[in-house]
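FYI, side chains are in, hydrogens and waters are out, and symmetry mates aren't considered; it's all heavy atoms of this structure.
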Amino acid sequence: QVQLVESGGGLVQAGGSLRLSCAASGRTFSNYNMGWFRQAPGKEREFVSLITWSGGNTYYTDSVKGRFTISRDSAKNTVYLQMMSLKPEDTAVYYCAASPYVATTRRGVDYWGQGTQVTVSS
């Protein structure tokens, strides 16, 4: 089992920044690729970003490229999502995810965090 706990969400004005953190515990964190998904009201949960277990490769959905940066600190068993130039359409619950694959869909995810709310006001 892997337990994931997100933090760092909140309310921010458009153009502002937030950094999300996801602390992992349980089975070996370094064996998993780590990602972020988000779900807005009335919409499906969608892929946002992923970083491979080695940290050597990162992936982003097109709408956040150039604005969001994913990183991981294996010594702290933590993955981060730095979000800049936030837009109202970024408003969603953000979920941390752990997967043995390069998972860009929900089906590839083995473990989920409980989610953290990000609200961007216009």
Side-chain angles (χ1 to χ4, degrees):
Q1 285 280 20
V2 173
Q3 292 79 43
L4 305 173
V5 179
E6 302 99 332
S7 60
L11 173 64
V12 64
Q13 289 188 331
S17 300
L18 282 174
R19 188 177 80 157
L20 305 183
S21 300
C22 173
S25 61
R27 294 184 66 182
T28 308
F29 171 74
S30 61
N31 288 348
Y32 287 90
N33 299 324
M34 299 297 297
W36 291 91
F37 287 68
R38 65 186 180 187
Q39 188 166 15
K43 295 189 176 181
E44 296 289 320
R45 193 172 298 187
E46 65 172 359
F47 170 76
V48 176
S49 182
L50 180 143
I51 186 166
T52 54
W53 66 270
S54 67
N57 291 291
T58 57
Y59 303 83
Y60 299 92
T61 193
D62 286 345
S63 62
V64 308
K65 285 180 181 176
R67 300 188 299 121
F68 291 11
T69 302
I70 191 169
S71 60
R72 67 190 294 164
D73 185 336
S74 294
K76 295 182 178 179
N77 284 359
T78 300
V79 63
Y80 304 97
L81 186 68
Q82 178 68 50
M83 305 185 295
M84 303 179 67
S85 302
L86 283 160
K87 305 175 180 180
E89 51 264 43
D90 295 318
T91 295
V93 177
Y94 283 70
Y95 296 90
C96 182
S99 172
Y101 314 108
V102 178
T104 58
T105 68
R106 295 183 65 171
R107 283 194 290 178
V109 174
D110 282 1
Y111 301 101
W112 294 98
Q114 83 288 352
T116 186
Q117 177 71 46
V118 171
T119 303
V120 184
S121 63
S122 57

_Passing candidate, side chain to side chain contact (heavy atoms under 4.5 Å, CB included) with Leu81, options Val48, Ile51, Val118, Thr69_ =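 In the set Val48, Ile51, Val118, Thr69, the residue that makes a side chain to side chain contact (heavy atoms under 4.5 Å, CB included) with Leu81 is Val48.
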When you compare the side chain of [Y] with that of [X], does any pair of heavy atoms fall below 4.5 Å?
X      : Y     : result
Val120 : Glu89 : no
Tyr59  : Ser49 : no
Leu20  : Tyr95 : no
Glu46  : Arg38 : yes
Ile70  : Tyr60 : yes

Working to the nearest 0.5 angstrom, can you tell me the gap between [X] [atom1] and [Y] [atom2]?
X      : Y      : atom1 : atom2 : result
Thr58  : Asn33  : OG1   : CG    : 11.5 Å
Ser99  : Trp53  : OG    : CH2   : 14.5 Å
Arg72  : Tyr32  : CZ    : OH    : 11.5 Å
Leu86  : Thr119 : CG    : OG1   : 10.5 Å
Ser122 : Lys87  : OG    : NZ    : 14.0 Å
Lys76  : Ser74  : NZ    : OG    : 12.0 Å

Nearest atoms (heavy-atom pairs only) where [X] meets [Y]:
X      : Y      : answer
Met34  : Cys22  : CE-SG, 4.3 Å
Gly108 : Pro100 : O-CD, 4.2 Å
Leu4   : Cys96  : CD1-O, 3.8 Å
Val109 : Ala97  : CG1-CB, 3.6 Å
Ser17  : Gln82  : CB-NE2, 4.1 Å

*Group every Ile, Leu, Val, Met, Phe, Trp and Tyr by side-chain heavy-atom contacts under 4.5 Å, then state whether Phe68 and Leu18 land in the same group.*
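Shared cluster, yes.
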*asked:* I'd like to know if Trp112 and Val102 are part of one continuous hydrophobic network [Ile/Leu/Val/Met/Phe/Trp/Tyr, side-chain heavy atoms within less than 4.5 Å].
replied: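 In one cluster with Val102: Trp112, yes.
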*Which is it for Gln117 and Thr91 under the side-chain contact (heavy atoms from CB on, under 4.5 Å) test, yes or no, and what are the steps along the way?*
CA-CA 8 Å; Gln117 177 71 46; Thr91 295; 4.0 Å; yes
*Residues Met83, Val12; criterion side-chain contact (heavy atoms from CB on, under 4.5 Å); working and verdict*: CA-CA 11 Å; Met83 305 185 295; Val12 64; over 6 Å; no
_Expected output: side-chain Thr52 to main-chain Asn57 donor-acceptor under 3.5 Å_ = yes
*Say whether, by atom type as modelled, one donor and one acceptor occur between the side chain of Glu6 and the main chain of Gly115 under 3.5 angstrom.*
yes
*Would you check, one step at a time, whether the test side-chain contact (heavy atoms from CB on, under 4.5 Å) holds for Val79 with Trp36?*
CA-CA 9 Å; Val79 63; Trp36 291 91; 4.1 Å; yes
*Mark yes or no: Arg45 above the aromatic ring of Phe37, with NZ or CZ under 6.0 Å from the six-membered ring centre and no more than 45 degrees from the axis.*
no
_Residues Asp110, Val2; criterion side-chain contact (heavy atoms from CB on, under 4.5 Å); working and verdict_ = CA-CA 9 Å; Asp110 282 1; Val2 173; over 6 Å; no
